[in-house]
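Here's the structure, in structure tokens; my notes come after.
Just so it is clear, the model here is predicted, and its values are computed rather than measured. Just so it is clear: chains get the letters A, B, ... in the order the sequence lines come, proteins before strands, and each one is counted from 1.
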Amino acid sequence: MAGPFAEVSIFSALEKTLHYAIPSELNAGARPGARVLVPLGRRSATGLILARADCPPPDMPPEVRLKPILAVLDDAPVLTPDLIALCRWLASYYFYPVGEVLQTALPSGATNAPQVFVRLTPAGEERAETQRDEIGELLHRRGPTALAELEAACGSPRGFRQKLRELENRGLVERCHEWRCGLPGPKTVKVVRLAGEPDPGPIEHNANLKSLVALLRGADAGIPLSVVRREVRNADYWLRKLAAAGTVRVEEREEERTFRLAQALPEAPPPRLTPDQQEVFDAVSPYLASGPFQPFMLFGVTGSGKTEVYMRLVEETLKRGRGALVLVPEIGLSTQLEALFRQRFGERLAVWHSGVPEGARHDQWRDILAGRRTVVLGARSAVFMPVRDPGLIVVDEEHDPSYKQDDHLRYHARDAALVRARLLGIPVVLGSATPSLQTIHQSRLERYRPLLLPRRILDRPLPTLEIVDMRRESSRARILSHRLRTALAETLQAGDQALLFLNRRGFATCFLCGVCGAVLQCSSCSVSLTYHQREKILRCHYCGKEEAVPERCPACGHAGLFPLGFGTERVEEEVRRELPDARIVRIDRDTVSRPEDLVESLDAVRSGRANVLIGTQMVGKGHDFPDITLVGVINADTALQFPDFRAGETTVQLLMQVAGRAGRGEQPGRVILQTYNQFHYTLEAVLALDYERFCDIELQSREQLRYPPFARFLKFLVTSRSEAQTREAARRLAALCRETAERFDASGRPAAVLGPSPAPLLKLKDRYRWHVFVKAWTSRDLQDFTETVLSGARSDPALRRVQLAVDRDPMMSM
DNA sequence: AGCACGCCGACT
DNA sequence: GTCGGCGTGCTC
């Protein structure tokens, strides 16, 4: 069979890619990266061309004829070659079907399946005239009808499929597909414009008409109809009259969807770089024009001016005619950073995160694709943005756990950024005040080049840190220690601001029965319900389910229920009681549901309308509050309790991050850490503000225990609705892993298997969950091992009854 | 993922 | 006798 052919990945869970013939009329458009409509069995599907080939795949018997591509859906490719390569890499590394990786990489809607329509053939039309059957009748009356619609309209849905197929086989009906692009088109607005000189007579007689004409005279480019309607009474009537006379025209105009979350900053000249910043800039900038691939670790204390360095590097990249990609944790967006980038890059900037409305996101994606926007600032999934000729990738707060997606494709955006940079042969800057141990390790091995910003801008002093041993506090000071309460009062007295941090929202962490000791649990998850006092409701923080507080304990029937433990809502109440004059703003998922709320609350703090900020992680990152001089960490131990070998690392990173919020302005800052583990090595490191010392200790212990980065982890997650089936499948999987590991050990490539074990969160959204852990010394071994296990798992009946997810380089908790 | 095929229990 | 349950396997 003669070429050309295309290797196509269907947008679905298909493990393999499929090959199609390219009809000559589609030859020019059928380029790698373009979406296509293809036949698949007896239906059709959408997919994307990964590659072109001159001969059919070698493993294919020569007698089979490849089906032809039905249509090319894009004028120009929607994925660049580096992104196609990245998606293939991710599919293989994370053991995930390529077609579903593509769905992650493309904006929602771009991977919609084609809609199937059914219609009568000419023979069918003819027969419908004489013989009446329900389907024929319906189609005769309605014309081509969407399959689902036809089934719904059918009075007897029983046997519908079969009846339809019979008609199809007899050549009376046929299927056709219409591919509706699924992407919102450009937004259009109706615009009103003067097209001639209106008759002056009536204008003098009618005030409405007069104001209408005056309004239109003021704007040659035209005025949106909505504005005209708002400004002029009876506008529609007069517009119709003027339009009939030909003196105004109403036309449709395409408009970019706008959204503004961050405040607009006035234009300002960029500040002069400090010598430290200049040194970093000089180290990276030779790579911007033509690479080669080089990772940099930018290790800069909070307040050392990393953002300015990023912007300068991006600017330099643009000067070389190339684009740039800047990744930031989701939570830090829609705020200051965005405002700064917008101020610097204006219309060249695209912003990509969950707070951007879908329509605006599509407009920006189109703009990026067309090369109209050359700088992308975005969260995790922005790593897939099809920037034209990228010359630089920046990953800010590189250590942040939110870069790891924890469902579907469980990828790490920082690692994906590294791979993409390698594929492109460009530099990648990993920035953090507390780099991940993996990155520290790589820089010590000289695979990443370390760049340091050891000083705060203007040599502002680092904050002072103090520890309060909560075990020695009186029982009425369980939330706010004596020391923190006093410091808080002093701070407010002095007219400064304070931040109180607690990584737990709600009022009480659980409701306990004082008679039988039962804790109220979510019916769908194995966690206790959190009490929210303002709404007087119990809520599950994992599935969102809500319940009213019962009068009596559901277990023993006694009326002895009381709240236990505390969250941010309770802290707020406590502060209110202790300091009635405090102007409090609380920022957590309960008080901030939309991005606008966050902007609003942050603004209240920045403008000084509030002087106490209470919050969860949301406040920890990326926000600059110049007047905060006191930071209180209500419970510095929470992160330590997670069942994760990284718990120490996460704790230090989080606490140093929060501590960095203090004293970024003129005033020096003070940080008070309340803890029950005052001599824990993580807290000692935080107290001394000595991150590197912590890394030394932690890396040494990881090496001894053979934990990452000295080994590689992988987690199998088995889930199903049946507890017994899940347990059994996990047992089978662990056995399969052990058999495989034995074979590997025999060839001198050890892999260790741990488990099966019930997940710390045994039940989540009504699904039971079990884990099996695998540890291997090299990435290569882990790859081979997992492929072997997965192919074995496919033929195990117990495992086919459950869902099996693979999480490579997992965040181990829950 | 769909959508076939195929092989066993409750209905006209 | 058939309708339809969902296990199993394939889609270029």
Side-chain angles (χ1 to χ4, degrees), chain A residues 1-23 26 30 32 34-72 91 95-104 106 108-118 146-148 150-151 154 156-169 173-175 177 179 182 407-409 720-722 725 728-729 732 790-805:
Chain A
M1 196 175 170
F5 304 101
E7 183 191 8
V8 173
S9 172
I10 307 292
F11 298 136
S12 76
L14 240 64
E15 287 293 331
K16 291 187 289 181
T17 57
L18 303 177
H19 294 256
Y20 290 88
I22 301 174
L26 298 180
R35 287 172 300 166
V36 286
L37 187 67
V38 292
L40 183 68
R42 60 178 19 263
R43 74 216 147 99
S44 58
T46 49
L48 184 128
I49 300 181
L50 294 180
R52 287 179 59 119
D54 292 322
C55 42
D59 58 329
M60 192 149 229
E63 67 279 6
V64 287
R65 281 185 65 80
L66 293 182
K67 293 184 183 176
I69 290 176
L70 300 171
V72 178
F95 306 97
Y96 210 69
V98 213
E100 291 197 86
V101 176
L102 294 174
Q103 293 200 53
T104 316
L106 290 166
S108 57
T111 57
N112 280 355
Q115 200 171 7
V116 181
F117 285 80
V118 186
L147 184 60
L150 184 65
E151 180 163 12
C154 213
S156 53
R158 299 207 171 267
F160 168 78
R161 295 262 152 166
Q162 197 142 358
K163 267 187 258 169
L164 186 67
R165 200 164 69 227
E166 192 193 306
L167 292 172
E168 243 181 302
N169 291 341
V173 308
E174 64 187 1
R175 281 162 195 247
H177 20 251
W179 185 76
D407 52 11
H408 303 105
L409 173 63
S720 82
R721 297 191 100 84
S722 145
Q725 282 187 6
E728 172 58 15
R732 286 286 313 135
L790 285 177
S791 74
R794 271 188 274 276
S795 54
D796 187 315
L799 279 160
R800 277 156 54 158
R801 271 192 282 277
V802 298
Q803 237 181 53
L804 176 59

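- One can place CG of A:N112 at 16 Å from C1' of B:dG2, the figure rounded to the nearest angstrom.
- Between A:L50 atom CG and C:dC12 atom P there is a gap of 16 Å when expressed in whole angstrom units.
- To the nearest angstrom, C1' of C:dC12 lies 15 Å from CG of A:L37.
- Remark: the backbone N or O of A:L48 is not paired with any side-chain donor or acceptor of A:S9 at under 3.5 angstrom.
- Nearest approach of A:N112 to A:T46, heavy atoms of both residues: O-OG1, 2.9 Å.
- In this structure, CZ of A:R42 is placed 5 Å from P of B:dA4, rounded to the nearest angstrom.
- For A:R52, the side-chain hydrogen bond (donor to acceptor under 3.5 Å, both in side chains) partners are A:N27, not counting sequence neighbours.
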All N/O pairs under 3.5 Å across the protein-nucleotides 9-11 of chain C interface:
| residue | atom | partner | partner atom | Å |
| --- | --- | --- | --- | --- |
| C:dT11 | O3' | A:G41 | N | 3.2 |

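- Of all heavy-atom pairs spanning A:V802 and A:Q725, the tightest one is CG1-O, 3.9 Å.
- In this structure, CG of A:D796 is placed 15 Å from C1' of C:dG7, rounded to the nearest angstrom.
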Review point. Could you walk me through whether A:V72 and A:I49 pass the side-chain contact (heavy atoms from CB on, under 4.5 Å) check?
Key: CA-CA 9 Å; A:V72 178; A:I49 300 181; 5.5 Å; no

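- Between A:R732 and A:A798 the shortest heavy-atom distance is CG-CB, 3.9 Å.
- Atom NE2 of A:H408 is separated from atom P of B:dA1 by 10 Å (rounded to the nearest Å).
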